[in-house]
Student: 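Dumping the structure here so I can ask a few things about it.
Order of the sequence lines sets the chain letters (A, B, ...), proteins ahead of strands, with each chain counted from 1.
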Amino acid sequence: MSRPLLLALLAAALLGCAASNESVSPVSKGDAGPTPPAPDGGAGGSAPDAGTVRRTIEQRNPFGNVAETQNLLWDGDFEWYSPFSDEYGWLAGASPETIGYAFSDVRLGAVCRSGLKCAGVKNKHVIVGIAVASSGNKIEASFWAHLRKGTCDQVTALVADLDAGADPDVTVAPVAKAPDAAGWCQYDTVVDARVAKSYLYIDNGTGDYIVVDDAVIKKVAPKMSLKAWHGPFTGALAADLDAARAAVRRLRGPHDAPPNAARRAFQRGRQP
Amino acid sequence: MALATAPTGARAGDFTADGSFLFDPGAVAAFDFEDGGDPQNGIVPKSDAASLSGGHVLAVPAQAMGASLPVALPPARATYRVSAWIRDSEVVVSVEIAYGPRVSEVAALYPTGRVTSDGWVEVAADHLRVDGPRLTSLSVGLFSATGAVVDAVEVVPDGDDGGFPVTPNAACGGVTDPASCAADQLCIWSECRNVSGWVPPIPADRDDVADYLAGRVDLLFGPYLERTVDLPAVHTYLDQMRFAKDRWTYWNGFLTAVRRLHDGHTTTGGLADFVLQNPRPLALCFLEGDADVSHGVAPKDAEYLDVLVSHAGGDHNLGLHAGDRLVAVDGQHPIAWARALLGAYWGQPGISNHTTFAEHASLLRSTISRFAGTIDVVRCDPVKGTCGAVETIALADVPADTPGAPLDEVYCDNRPLRHVPGAPADHSTGDAVYSGIVKESDATEKIWGLEWESLYTSDGADGVAGPLNAAVASWQTGARGVILDHRTGFGGTILAPEILWSFSIQTHANDLYVDRTFAEEEQPSLTDAKARFDAALGTSSMQYVGSGSPRTDVPVALLLTEDVSASDWLPQGMKGGQNVRLFAPFQTNGGFSTRYSLGYWLSMSYVMAVGDDILADGTTHNGRGVDPDVVVLPRQSDLLAGKDSVYEAALAWVRAGLAP
């Protein structure tokens, strides 16, 4: 299977191209939208026609949005998600009632907004980012979601108190109702100081799969004006939040699971 | 947003204007999976219209053995860049370099940031040293947790031997000998091994990455005492990232900082922990105790307890057996030596308690083999009950095994002896629960025992819940005394201790677990914490333990040594029970939290505690273990006589108070 140098040289010669030291060739714009994810999780695609561009290449930061050094979410950009993890900084559920540690739908590559990893959320599913609050300070919550259908306001997002129930649950509103040309919606809201731990609750009501990325919760200056809107929520949303609170409360306390199946499989493969 | 941060190192394969991939013309090996498969090595190509190169890709199935791509290299000293393109999901891609019969060095491929619009992501490792003349094999290993495809794997020379140490992999006398190895090497199994390949390059935006990771520690790490006591020292290692001139110093700075948080839930790990194979395994288990027979030849240390052999396998034991003593490792007390591995050992155990070290003692079997140059031991005669002089053993003199050599492995569980019928002689308890009338008792005396290590049940029905409930049911009808041997406890969930508390403890409000709430939060005052505890009374946040009708007529002894998390909560809830006693050599770990686990491309990971625990008096509990009611040190004289000091003390107490 090892193909020697000669073959690589021959291939280059046949194509009439020399391998380039340029970092990108050709480069797509950094803010271009991703190739929509295939339903089966694969990248899909087909053989290119002659003369068509087969693919574009871009350079991402492999550590994601680290410019937000004070992000109060444990892993807002999903770059430190590991399949070996049994208790990660995001929770997931097929519904608010089933929110738990089984967060596993992580997408990879150009499909993401920033960095190399992002979260996939099926229709009607929920993910919850775990964060802390900032004592006495307003906080700004933001993230991006890529939609296949629907409008940005069909993703319900809140800075929620899923633990103590001492803070109001505040909507993180879309910046625009319609996704941009690439299908991305930005959500951003400044909320007042909290007295309880913060969670970023994201519920996909678009009717199709979405991708979530680049979530940030951060302390902001007192002069930042509040853009928050909270309650009264619809009965359905209030019920969902109550269910989410009950689910998260069930997760309180220690949770030291034995190595998960992925980790055990890797260890098995490594035994001499 | 996409941010151009080109990593250092060669670029290797590239793309034409239409996006077609071209292997680097300087590649010495390239795999495009067009030439048929090699199922023996896990190489199963599949046709894929979106392949990066040719018309096929390598399918890496979920949680299977993965694939291994053998690479032949020229017999010269050189450095190489190894790269691959992956799609669909994360893949562990490792470079495994062997200079003998087993893997000598390993490197992990990390993302470069290059991605394609059709889903491909490049991973690479650059400047990997290969001592060609000595090379016996080099392979690229692939594993996926969820299933993925790989294409365009290539190996490209990217340097000569100018940066090599004079002897590429010199023999060395232990990791604590600073002169033995180059700055980007560690002395592992008595040989200097390159470790730069364990970590990614220093990021282009190195300060942001360093600040971001420091933020994880400063903003999110939960335990109050450790924040007060340990965080200042942690910043020394975080600063190491900011001033690092090489990738190992940079990334090891962060991982050392995490370990320096000094917490039972807070650990790090890496690919090398799994891939490198021990050529000199030891079937020896150690624990802390009282070397009452040998203080004449080696005085007791002023700070640390003595370290004794608890039990040993039939081979690979250096001729040591239960009751022999480990006096020193590389000239230091074994515990002091183990603690000093902080900056080198990614797998170093976390301990919340600042005064106990059981985790280091039980892991000495592994750390000695991996990192020590010499050990000083005292051999004793179990028949005469006497000990000889201190003897020094050089680990390099221990013959290396051939791969696959038989090993009478024993697991280190702080139990010199097993007392419950059916408990495995090799101490491999794992997730099992062993219950029954103890070997020293009978159907008349009815002293029941429980030997187990996991407290994991997700819902109170799965995991250990069934066996624990069955054990409690047995005691309800037939036990006159109970000995709970939890001398190794890996934690779990609070639902498992609740099963045991219900048998012997009267209901009471026990503690309030609190997740970290604010980024700025530090140790609360007693008054504030007590107010928080009091406010939680009667709510679902309060941890109540016990039952309304406990069996206070049945004496229950709980044996402890090494524990964390739910295995800390178990004795915390038992403490003070009317007919309950905790037997242990020292306090428990004090790991009263839970944790979140994060990993960078399956090759560099950290776990960090997120909360703390408040007791009724307003004290916080993480870092402060549970005090035993009866302090019992394992004695050397007992071990030599085939006795289990802690168990014997518990058995005597239970026998003195048997239920009618």
Student: Heavy-atom distance under 4.5 Å to chain B: side chain of A/Leu72, backbone, both or neither?
Tutor: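 A/Leu72 touches chain B through backbone and side-chain heavy atoms alike.
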
Student: Got a donor-acceptor contact below 3.5 angstrom from the A/Lys117 side chain to the A/Tyr81 backbone?
Tutor: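 Looks like yes, one N/O pair under 3.5 Å.
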
Student: Between the main-chain N or O of A/Ala196 and the side-chain N or O of A/Asp167, is there a donor-acceptor pair closer than 3.5 Å?
Tutor: yes

Student: Indicate yes or no for a side-chain donor-acceptor contact from A/Asp180 to the backbone of A/Trp184 under 3.5 Å, with no hydrogens or angles considered.
Tutor: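 A pair under 3.5 Å: yes.
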
Student: Quick one: what part of B/Leu213 sits under 4.5 Å from any heavy atom of chain A, side chain, backbone, both or neither?
Tutor: side chain

Student: Identify whether the distance between the nearest side-chain nitrogen and carboxylate oxygen of A/Asp75 and B/Arg216 falls below 4.0 Å.
Tutor: no

Student: Checking B/Ser593 against chain A: side chain, backbone, both or neither under 4.5 Å from a heavy atom?
Tutor: backbone

Student: Contact part of B/Arg516 toward chain A, heavy-atom cut-off under 4.5 Å: side chain, backbone, both or neither?
Tutor: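 Looking at B/Arg516, backbone and side chain both touch chain A.
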
Student: So which residue, B/Asp208, B/Val121, B/Leu220, ends up with the most heavy-atom pairs under 4.5 Å with chain A?
Tutor: B/Leu220

Student: Tell me, for B/Ala210 versus chain A, whether the close heavy atoms (under 4.5 Å) come from the side chain, the backbone, both or neither.
Tutor: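 Contact with chain A: none, neither part.
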
Student: With a 4.5 angstrom heavy-atom cut-off, is it the side chain or the backbone of A/Arg250 that approaches chain B, or both, or neither?
Tutor: neither

Student: For chain B, which of A/Asn137, A/Asp256, A/Thr69, A/Ile130 has the most heavy-atom pairs under 4.5 Å?
Tutor: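 With the most close heavy-atom pairs to chain B, the winner is A/Asp256.
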
Student: Between B/Phe15 and B/Trp85, does the ring pair (Phe, Tyr, Trp, His ring centres under 6.0 Å) criterion hold? Intermediate values first, please.
Tutor: CA-CA 13 Å; B/Phe15 294 84; B/Trp85 289 80; 5.2 Å; yes

Student: Mind ranking B/Gly215, B/Gly491, B/Gly492, B/Ala519 by heavy-atom pairs under 4.5 Å with chain A and telling me who comes out on top?
Tutor: B/Gly492

Student: What part of B/Trp569 is in contact with chain A, defined as an atom under 4.5 angstrom from a non-hydrogen atom: side chain, backbone, both or neither?
Tutor: side chain

Student: Can you tell which part of A/Asn71 gets under 4.5 Å to a heavy atom of chain B, answering side chain, backbone, both or neither?
Tutor: both

Student: Sort B/Thr457 into side chain, backbone, both or neither according to what part of it lies under 4.5 angstrom from a heavy atom of chain A.
Tutor: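 Looking at B/Thr457, nothing touches chain A.
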
Student: If you count heavy-atom pairs under 4.5 Å between each of A/Gly100, A/Ser134, A/Ser198, A/Ser82 and chain B, which one has the most?
Tutor: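 Ranked by contacts with chain B, first place is A/Ser134.
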
Student: Given heavy-atom pairs under 4.5 angstrom as the criterion, report whether the side chain, backbone, both or neither of B/Val115 touches chain A.
Tutor: both

Student: Select one option (side chain, backbone, both, neither) describing which atoms of B/Asp211 are under 4.5 Å from chain A's heavy atoms.
Tutor: both

Student: Would the distance check show the side chain of A/Arg60 and the main-chain N or O of A/Gly115 forming a donor-acceptor pair, the cut-off being under 3.5 Å?
Tutor: yes

Student: With a 4.5 angstrom heavy-atom cut-off, could you sort out which part of A/Leu73 is near chain B: side chain, backbone, both or neither?
Tutor: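 A/Leu73 touches chain B through backbone heavy atoms alone.
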
Student: Is a side-chain donor or acceptor of A/Arg55 paired with a backbone partner of B/Gly19 at a separation under 3.5 angstrom?
Tutor: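 It does hold such a pair.
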
Student: Which answer fits B/Ser89, side chain, backbone, both or neither, if we ask what part of it has an atom under 4.5 Å from a heavy atom of chain A?
Tutor: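 When you check distances to chain A, only backbone atoms of B/Ser89 fall under 4.5 Å.
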
Student: For the side chain of B/Asp568 and the backbone of B/Gly591, is there at least one donor-acceptor N/O pair under 3.5 Å apart?
Tutor: yes

Student: Between A/Gln59 (side chain) and B/Thr112 (backbone), is there a donor-acceptor pair under 3.5 Å?
Tutor: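 At least one qualifying donor-acceptor pair exists.
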
Student: Are B/Phe23 and B/Phe21, when compared by the centres of their aromatic rings, separated by less than 6.0 Å?
Tutor: yes

Student: With a 4.5 angstrom heavy-atom cut-off, is it the side chain or the backbone of B/Tyr110 that approaches chain A, or both, or neither?
Tutor: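 Contact with chain A: none, neither part.
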
Student: Are the aromatic rings of A/Trp74 and A/Tyr88 close, with centres under 6.0 Å apart?
Tutor: no

Student: Which answer fits B/Arg595, side chain, backbone, both or neither, if we ask what part of it has an atom under 4.5 Å from a heavy atom of chain A?
Tutor: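 B/Arg595 touches chain A through backbone and side-chain heavy atoms alike.
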
Student: Between B/Thr517 and A/Val132, is there a side-chain heavy-atom distance shorter than 4.5 Å?
Tutor: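 No - every pair of side-chain heavy atoms lies 4.5 Å or more apart.
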
Student: When heavy-atom pairs shorter than 4.5 Å are enumerated against chain A, which of B/Gly463, B/Ser605, B/Ser541, B/Ser144 gives the highest number?
Tutor: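 Heavy-atom pair counts peak at B/Ser541.
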
Student: Check whether the ring centres of A/Phe63 and B/Tyr600 lie less than 6.0 Å apart, and answer yes or no.
Tutor: yes

Student: Identify which part of B/Leu52 has an atom lying under 4.5 Å from any heavy atom of chain A, answering side chain, backbone, both or neither.
Tutor: both

